[in-house]
**Q** 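Questions regarding the structure given below will be posed in turn.
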Amino acid sequence: MLSDQGRRLLELLVSVLPQIRVANPKTYISYGTAHTQLGLELMAETYGRSLQRQGLDELARWTKINGFPAITGLIVNMERKSDFYMQPGSGYFDLYERAIDDFRWWEHEIVKSLSFNWAPYLIGLTLVESPRAVDLDIPERVEATVYRILRDSKLSQQIKAIHNNECQICGHTIIMPNGTRYSEAHHIQPLGMPHNGPDVIDNMVCVCPNHHVELDYGVIRLSIDMLRGACGHYISEKYIDYHNNFYGL
Ligand SMILES: [Zn+2]
């Protein structure tokens with residue numbers, strides 16, 4: 001069992017999974033950012049060592065003992081002067097008896113972390129079971145799958161219900177074999193860094209999977225006029241502006 005401290009760190013790491021590009025550690029989280037986001041007091045000379053004492057070592061051992069993916073490899077040094085610039089500290093590799101330049105192993109652990117079902121070990125996030133076609137060779141797909149799972153919160157379910165699972169852009173819905181209707185909820189200003197959009201209903205739209213991907217990748221410009229409205233769902237213009245500005249649309 002993880003302590004509260006270890007679990008909070010795990011929740012933080014799971015919450016950054018949607019932003020992760022496996023081959024680009026710049027999309028990972030730094031020791032300093034993790035430390036700050038958890039609101040910890042600095043208890044050692046570096047953020048890394050302080051974090052180790054406040055959940056990091058515990059979480060790393062927990063993943064190892066349970067045979068889970070080594071998700072703590074998401075925390076990397078982002079200070080240029082560090083000997084371990086853009087990679088985890090030596091403790092990460094040491095625990096697993098890996099050489100500190102065994103990047104293939106590290107990358108594989110991150111890919112596994114993206115497709116692993118962390119839901120049973122979290123309390124703060126509302127997760128639902130979702131069909132997953134995980135192909136470890138295509139991290140982008142894994143990432144998209146994790147994204148959908150993580151965001152299927154109460155608010156997501158609420159917005160889908162308001163729109164009867166019809167895409168606010170094209171009106172399409174998917175009828176599943178059992179007769180239920182399927183749609184997805186999208187945060188217009190995405191959650192997580194670097195966007196830090198709020199998890200509120202006026203920052204969300206109900207869309208079909210195609211339009212969801214187009215929004216995720218900034219393929220289409222948004223405007224209030226193009227979105228089908230519904231009673232009980234007001235969309236704030238500022239998030240639409242954020243989407244258009246961020247993607248230069
Ligand atoms: Zn659509």
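Quick caveat, the model's predicted, so the values are computed rather than measured. Order of listing sets the numbers, starting from 1, for every ligand and every atom in it. The residues of the chain are indexed from 1 along the displayed sequence.
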**Q** Suppose we screen for salt bridge (charged side-chain N to carboxylate O under 4.0 Å, His left out). Which residues come up paired with R53, at least two apart in sequence or across chains?
**A** none
**Q** Between G229 and H163, which heavy-atom pair has the shortest distance, and what is it?
**A** C-CE1, 4.1 Å
**Q** Just by distance, with hydrogens left out, do Q54 and S50 show a side-chain donor and acceptor under 3.5 Å apart?
**A** yes
**Q** Could you tell me which residues satisfy ring pair (Phe, Tyr, Trp, His ring centres under 6.0 Å) with F103, sequence neighbours excluded, listed by chain and number?
**A** W106
**Q** Around the Zn ion (ligand 1), list the protein N/O/S atoms within a radius below 2.8 Å, excluding water molecules.
**A** C167 SG, C170 SG, C208 SG, H211 ND1
**Q** In terms of side-chain heavy atoms, does Y242 have a donor or acceptor partner in H195 at a distance below 3.5 Å?
**A** yes
**Q** Enumerate the side chain to side chain donor-acceptor pair (under 3.5 Å) contacts for residues 96-105, please, sequence neighbours excluded, ordered by first and then second residue.
**A** T63-Y96, R98-D102, W105-E109
